[in-house]
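Working notes, structure below.
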Amino acid sequence: MIVVTGATGNIGRPLTRALADAGERVTAVSRHPGPAPDGVRRLTADLAEPATLEGVLTEAKALFLLLSGDLHGPGGAPAELVRRAASAGVRRIVLLSTQGVVTRPFGPTRIAMRALEDLVRASVPEWAIVRPGGFASNTLWWAESVRTGRLVAAPFGDVATPVVDPADIAEVAAACLLEDRHLGGAYELTGPEVISPRGQTAALSAALGVPLRFHELTREEAGAAMARSMPVELADDTLDILGAPSAAELRIAPGVREVLGRDPRSFADWAARHVDAFR
């Protein structure tokens, strides 16, 4: 049995499908109810309350661990999840970490994530770490304003960084869960090019076939909006990267090619596949 946390999200959905299509027994776990592929066991549990995982981990041999935003903030207890998994007999954990543990290792959220990486390594005999940069799917934050006003509002309009397609993250995670040759690896994942919010707007406009307007938010405006869905510390970290990426954060990371043997998907490809969310 492979347990997938965050199973209704942008990574968890395609990962659950890939594992089921590979013939694996899968338990799909999320905080809120949602659909699952045929043959997949669907359970609701709150990772902020590790005791709710007791039955979830029964018979599990492997775990994909994705932390929700609140578990990155003060009071989160992700280490308890790892300990419970190890105690339940889980042998393999694939952890969704972040590229920031390498590129900006001294911020509070990255220090906590690095400690969690170390705990995973020490707790189970088989592990892999997946470290994506910014997600292409973060542009779904723009969906309502695009639908209602053909408007994109974002900070740092002309600062370009690589963004990774969650489908690539899911495919890499599936490979790490299913193939022994990726064990012990820590893989940085990005897309194949750097692209600014203004460039993403142009790609969405092309996919939709309609013109879109771009409005540049101040850092303060963007931070206030982001803080409604994530800890303030994580929002600040994200804005630091978006506003002033380092040379390491501008690099096209090799992880997708290392694991999958192909180039990562582009933002334009992501936009074309998700265009209905913006209509």
Side-chain angles (χ1 to χ4, degrees), residues 1-7 9 11-12 15-16 18-19 24 26-31 45-54 56-133 164 166 169-189 231 234 237 253 255-256 258-259:
M1 178 73 71
I2 300 176
V3 175
V4 176
T5 61
I11 300 169
L15 174 58
T16 299
L19 296 173
E24 295 291 329
V26 182
T27 295
V29 181
S30 63
R31 181 176 294 178
D46 189 343
L47 300 192
E49 300 178 12
T52 65
L53 285 178
E54 290 291 351
V56 171
L57 296 169
T58 302
E59 299 184 12
K61 66 177 183 179
L63 170 67
F64 175 70
L65 185 54
L66 182 156
L67 303 182
S68 57
D70 56 345
L71 282 172
H72 290 279
E80 180 63 20
L81 304 177
V82 175
R83 295 187 185 101
R84 285 182 179 269
S87 296
V90 172
R91 289 187 52 80
R92 179 175 303 190
I93 295 179
V94 175
L95 173 66
L96 185 74
S97 182
T98 172
Q99 186 187 36
V101 301
V102 176
T103 61
R104 294 178 186 243
F106 302 114
T109 60
R110 276 95 62 189
I111 290 171
M113 183 58 82
R114 172 71 78 175
L116 187 61
E117 289 187 4
D118 292 341
L119 181 63
V120 167
R121 292 184 181 96
S123 299
V124 293
E126 302 173 355
W127 55 268
I129 310 295
V130 180
R131 295 170 175 163
V164 61
I169 303 172
E171 198 170 334
V172 168
C176 292
L177 288 162
L178 296 174
E179 302 173 20
D180 292 348
R181 63 195 177 99
H182 303 304
L183 296 180
Y187 299 102
E188 291 184 56
L189 311 180
L234 187 57
D237 284 349
V256 171
E258 288 175 346
V259 176

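Here the straight-line distance linking atom OG1 of Thr5 with atom CG of Leu96 works out to 8.5 Å at 0.5 Å rounding. Remark: Ile93 CD1 to Phe64 CZ distance equals 12.0 Å, nearest 0.5 Å. Remark: Leu67 CG to Met113 CE distance equals 5.0 Å, nearest 0.5 Å. If you take CG on Leu66 and CG on Leu15, they are separated by 9.5 Å, rounding to the nearest 0.5 Å.
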Please output the side-chain donor-acceptor pairs of residues 170-177 that fall under 3.5 Å, not counting sequence neighbours, one pair per line with the distance.
residue : atom : partner : partner atom : Å
Glu171  : OE1  : Arg262  : NH2          : 2.9

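Thr27 meets the side chain to side chain contact (heavy atoms under 4.5 Å, CB included) test with Met1, Val3, Val29, Arg41, Leu43, Val56; sequence neighbours excluded. Judged as a side chain to side chain donor-acceptor pair (under 3.5 Å), and not counting sequence neighbours, Thr98 has no contacts. Thr58 pairs by the side chain to side chain contact (heavy atoms under 4.5 Å, CB included) definition with nothing, not counting sequence neighbours. In this view, Arg92 and Glu126, Asp180 satisfy the side chain to side chain donor-acceptor pair (under 3.5 Å) rule, not counting sequence neighbours. Shown here are the salt bridge (Lys or Arg N to Asp or Glu O under 4.0 Å) partners of Arg84, two or more places apart in sequence or in another chain: Glu54, Glu80. By the salt bridge (Lys or Arg N to Asp or Glu O under 4.0 Å) test, Glu117 is found to be paired with Arg114, Arg121, Arg131, residues two or more places apart in sequence or in another chain being considered. For Glu59, the side chain to side chain donor-acceptor pair (under 3.5 Å) partners are Arg25, not counting sequence neighbours.
Closest heavy-atom contact between Val124 and Val90: CG1-O, 3.5 Å. Pairing each heavy atom of Ser97 with each of Pro132, the nearest pair is O-CD, 3.5 Å. Ala85 and Leu63 make their closest contact through CB-CD2, 3.9 Å (heavy atoms, listed as atom of the first residue, atom of the second, distance). Nearest heavy-atom pair across Arg181 and Val259 is NH2-O, 4.0 Å.
Side-chain contact between Gln99 and Glu188 is present, with heavy atoms from C-beta onward closer than 4.5 Å.
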> Is there a salt bridge (charged side-chain N to carboxylate O under 4.0 Å, His left out) between Arg110 and Asp237 once you walk through the steps?
Replying inline: CA-CA 9 Å; Arg110 276 95 62 189; Asp237 284 349; 2.7 Å; yes
